[in-house]
There are 2 protein chains.
Amino acid sequence: MSTEARKERPPAIALPSDRHQYIRQRLQQEGRVLAAELAQTLGVSEDSIRRDLRELAATGICQRVYGGAIAMTPNTGSFIERSHENVARKARLAATAVRLLQPGQFVFLDAGTTNLEIARALPDMPLTVATNSIPIAAALFGRSQFEVLVIGGRMDHRVGGTLGSIPTLAVQDMRPDLCFLGTCSVDIELGVGTTLAEEAAFKRVLVGQCNQIVLAVTNEKLGTASPFAVAGMRDIGRLVIEADAEPHKLASLQHSGVPLLIADQ
Amino acid sequence: MSTEARKERPPAIALPSDRHQYIRQRLQQEGRVLAAELAQTLGVSEDSIRRDLRELAATGICQRVYGGAIAMTPNTGSFIERSHENVARKARLAATAVRLLQPGQFVFLDAGTTNLEIARALPDMPLTVATNSIPIAAALFGRSQFEVLVIGGRMDHRVGGTLGSIPTLAVQDMRPDLCFLGTCSVDIELGVGTTLAEEAAFKRVLVGQCNQIVLAVTNEKLGTASPFAVAGMRDIGRLVIEADAEPHKLASLQHSGVPLLIADQ
DNA sequence: CAACAACAGGCATGATTGTGCACCTTCACG
DNA sequence: CGTGAAGGTGCACAATCATGCCTGTTGTTG
C-alpha cells in the first residue's frame, strides 16, 4: 500500500514544525492519526506527540480524541452526520434565536444544521418561511400555520439544500425581513465564511436581499476561518452565541460592536 | 453483496471514535445494527458496544432497541407517513416499478406516498431525478449518485410538495424520460384524477412534458374517481398494479389495452 | 409462568492524558 | 568566550478514560 510506504519513510525530522507538517499530511490523507504510532514513526516520545496534537487542535486543524486525533476538515461529515452533532447545544441556541421573530414576518432559513434546529423551534405564530434546505422544508411539513416557500434547484448533497443559479435567481425576487444565515466559520476580522465556493456565492446574494441577518453559531465556529467569504461582521444584525463561549472571544466580540444575544444555559 | 464486503472488512480500529463512526455508517446504510454482531465485527465486548449505542442514542443518532439500535432520521422529521399502513404493499409495488428504469435516465417523481416508496427503492445507478415532493427529496438526500432537482415553490401541506404557478413554470423547462405520476384514483372510463384542483393543474402540465407516464396504484384506488381529472388512460404508458388485484378489474384493464405490469407477490 | 437473552450499573484494571519539573540545545548579548 | 534566557524534550505522577467482568434487573420467547 502507498500509505505503508509513506509511513515507513525515514523521518529524519528534528524540527517541531516538520513534525507538525507531517502530522497534518497524515491527517489529510488518512483522516485520523494514532499518538502511539506517530511517536514510534517520528522517533519522539508520546508526550511530544500529544503536545503537537494539542497545538494542532487549538488551531482547528484536528480534533483531539482518546488515543490520537481525527481530521477536522469541514467537508468531513455529510449533512446527515453533522445534523447529529451537538444537537442539544444547537437546540438551546435555536430556542433563544427564535425569540427575535415577530408574527407575520417573512423569514429565510438558510441551509445548515443549526438552522434545522431553529426550524424545529419555530413558535406557533403566522410566519412566511422560505428555505433552500430540504431537511428544513421536511421539518416544516405539517406545520400548516406557516406559509412555506421552497427554493428549487439542484440539490447539493453536502449542504443539504439547493445551490446554483436557479436558487440564486429565485432569491433575488424575495425581500425577507429576517434571515437566519448558515455558516461554517465566524471571525471578527475575517467575517463569515464557508467551505464551498458555490455555497458562498448563494449566501452573498441572500445577504444582500435580507433586511436583517441573524447568525447563530456554536462555540467551535467562533474565531475560525473558511476559504470563501460570505459577509463581514458589519452585515450581521444579531449574533446568537452560547452562554459558555470562551471569555476572551466573548470579550473581543463585545468590543467589536456586534449586537450579541447570549443563549440560555 | 457490497454490504457483506463492508461488514467483513478488517476493522483495524484502535480509537473509540472510529468505532462510533463505523456504527454510524452502518446505521445510515442499513437502518439498524445488532449489538452482538457489532461486538464480533469490531473485536470488543458487547458491553462496550452497548455503551457506544447508549451514547449515540443520547445524542439522538439512533434509538436503542432490545438487541441493538435503529437509526433515527431527525432530518426527515416526523412524517405522517406512519399513519399509512400500506407501506409494505407500496414497497412491493415500488420494487417492481423501478425495474422500468434505465441508467442515465431523467425521471420525475411526482408527490405521493407510493412514489415515496419508489424513491426509496431507486436502484444504485446514475439517474437524474426531479421532484416537487419534499419527503421524496429528503429521502433522496444523501444518495449522491443521483442528480436531484428540487422543484421550488409554495409548499402544500396536504400533498407534501410544492404546487402552484412557480412549480408549473419550472416543469415546463423539463423533458423527463419517465414520470412516476402520483394519483388519487384510476378508472378505465374516467382516467386518472385527484382531489385538489391546484394539484390536478400541476399534474396535467407534468403529463404533457414527460415522454412516458408510469402509474403505480394500490388496489383500493382502482375503479374510483376523483373530482379533478389529470389524464386519460391512453396517456398512461405503464400501469403497475398489485398481484392480488380484483379479477374483474384486472380483466377490464387488460381489455382496455393499457400496458400492465403486475408486481411480485 | 419459566427459561433465557439483553440490559444498566458498579467495580477493578490498564491505557491515555495533562501537568510540573529537570535537562538539553540554541541563540542573542555583554 | 562566557552567560543567561527561551524553547523543546523526556520523565514522574496524579487524574481521567475506556474496557471487561460481575451482579441484579428487565424484557422476550415459548
Side-chain angles (χ1 to χ4, degrees), chain A residues 7 9-27 30-72 81 84-86 88-89 219-220 223 244 246-249, chain B residues 7 9-27 30-72:
Chain A
K7 256 163 61 175
R9 81 169 183 187
I13 285 177
L15 278 63
S17 61
D18 288 341
R19 219 169 43 216
H20 283 205
Q21 192 175 356
Y22 176 76
I23 295 175
R24 289 174 64 161
Q25 185 181 341
R26 289 282 301 273
L27 276 169
E30 304 166 34
R32 56 149 200 192
V33 290
L34 280 67
E37 188 269 336
L38 280 177
Q40 190 176 6
T41 304
L42 296 175
V44 292
S45 75
E46 293 191 23
D47 303 77
S48 296
I49 297 297
R50 275 197 285 273
R51 268 183 277 255
D52 293 337
L53 295 181
R54 237 177 297 172
E55 291 173 25
L56 292 174
T59 64
I61 293 185
C62 64
Q63 185 187 347
R64 200 76 176 76
V65 296
Y66 198 80
I70 56 178
M72 269 293 278
E81 294 176 65
H84 293 304
E85 294 165 1
N86 307 325
R89 286 166 51 205
N219 290 334
E220 63 267 21
D244 56 350
E246 290 183 37
H248 69 273
K249 288 179 181 174
Chain B
K7 256 165 59 176
R9 80 167 183 190
I13 285 180
L15 280 64
S17 60
D18 284 342
R19 215 172 45 217
H20 284 206
Q21 194 177 353
Y22 176 77
I23 295 174
R24 288 169 61 159
Q25 186 181 340
R26 290 283 302 273
L27 276 168
E30 304 167 33
R32 71 190 167 117
V33 290
L34 279 68
E37 188 268 336
L38 281 177
Q40 190 177 5
T41 304
L42 296 175
V44 293
S45 74
E46 293 190 26
D47 302 79
S48 295
I49 297 296
R50 274 197 284 273
R51 266 184 278 255
D52 292 337
L53 295 181
R54 235 179 296 174
E55 291 174 26
L56 293 175
T59 64
I61 291 175
C62 63
Q63 186 186 346
R64 201 75 178 75
V65 296
Y66 200 78
I70 56 177
M72 290 274 286

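Protein chains get the first letters and strands the later ones, always in sequence-line order, with residue 1 at the start of each.
Helix-axis bend for the helix from C:dC1-D:dG30 to C:dG30-D:dC1: the local axis fitted to the five terminal pairs at one end deviates from that at the other end by 30°, rounded to 10°.
The side chain to side chain contact (heavy atoms under 4.5 Å, CB included) test applied to B:Gln40 returns no partner, not counting sequence neighbours.
At distances below 3.5 Å, at least one donor-acceptor pair connects side-chain atoms of A:Arg64 with backbone N or O atoms of A:Gly68. Not a single donor-acceptor pair under 3.5 Å links the side chain of A:Ser48 to the backbone N or O of A:Val44.
Here D:dG20 is the nucleotide among D:dG20, D:dA18, D:dA12 with the atom lying nearest to any side-chain atom of B:Ser45.
The base of C:dG18 lies outside donor-acceptor range of the side chain of A:Arg51, with no N or O pair under 3.5 Å.
Rounded to an integer number of Å, the gap from B:Asp52 CG to D:dC17 P is 16 Å. Between A:Glu55 atom CD and C:dG18 atom C1' the separation is 14 Å, expressed in whole Å. Whole-Å rounding puts the B:Ile70 CD1 to C:dA6 P distance at 17 Å. In this structure, B:Asp47 atom CG and D:dC22 atom C1' are separated by 9 Å, rounded to whole Å. Between A:Leu38 atom CG and D:dT9 atom P the separation is 14 Å, expressed in whole Å. Protein atom CG of B:Leu15 is 13 Å distant from nucleotide atom C1' of D:dC17, rounded to whole Å. The separation between B:His20 atom NE2 and D:dC17 atom P is 14 Å, rounded to whole Å.
For the pair B:Ser48 and D:dA18, the criterion of a side-chain N or O lying under 4.0 Å from OP1 or OP2 is not met.
Residues A:Tyr22 and A:Leu42 share a closest heavy-atom pair of CD2-CD2, 3.5 Å. Contact detail for A:Leu53 and A:Ala35: the closest heavy-atom pair is CD1-CB, 4.4 Å. Residues B:Val33 and B:Ile23 approach most closely at CG1-O, 4.4 Å, considering heavy atoms.
Interatomic distance, B:Leu27 CG to B:Ile70 CD1, rounded to the nearest 0.5 Å: 9.5 Å. The structure places CZ of B:Arg32 at 14.0 Å from SG of B:Cys62, a figure rounded to the nearest 0.5 Å.
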Discussion item. For a quick check, with a 4.0 angstrom heavy-atom cut-off, what is the B/S/- contact string for nucleotides 12-17 of chain C, read 5' to 3'?
Written reply: ---BSB
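With respect to B:Glu46 and B:Arg50, a salt bridge is recorded, a charged nitrogen being found less than 4.0 Å from a carboxylate O.
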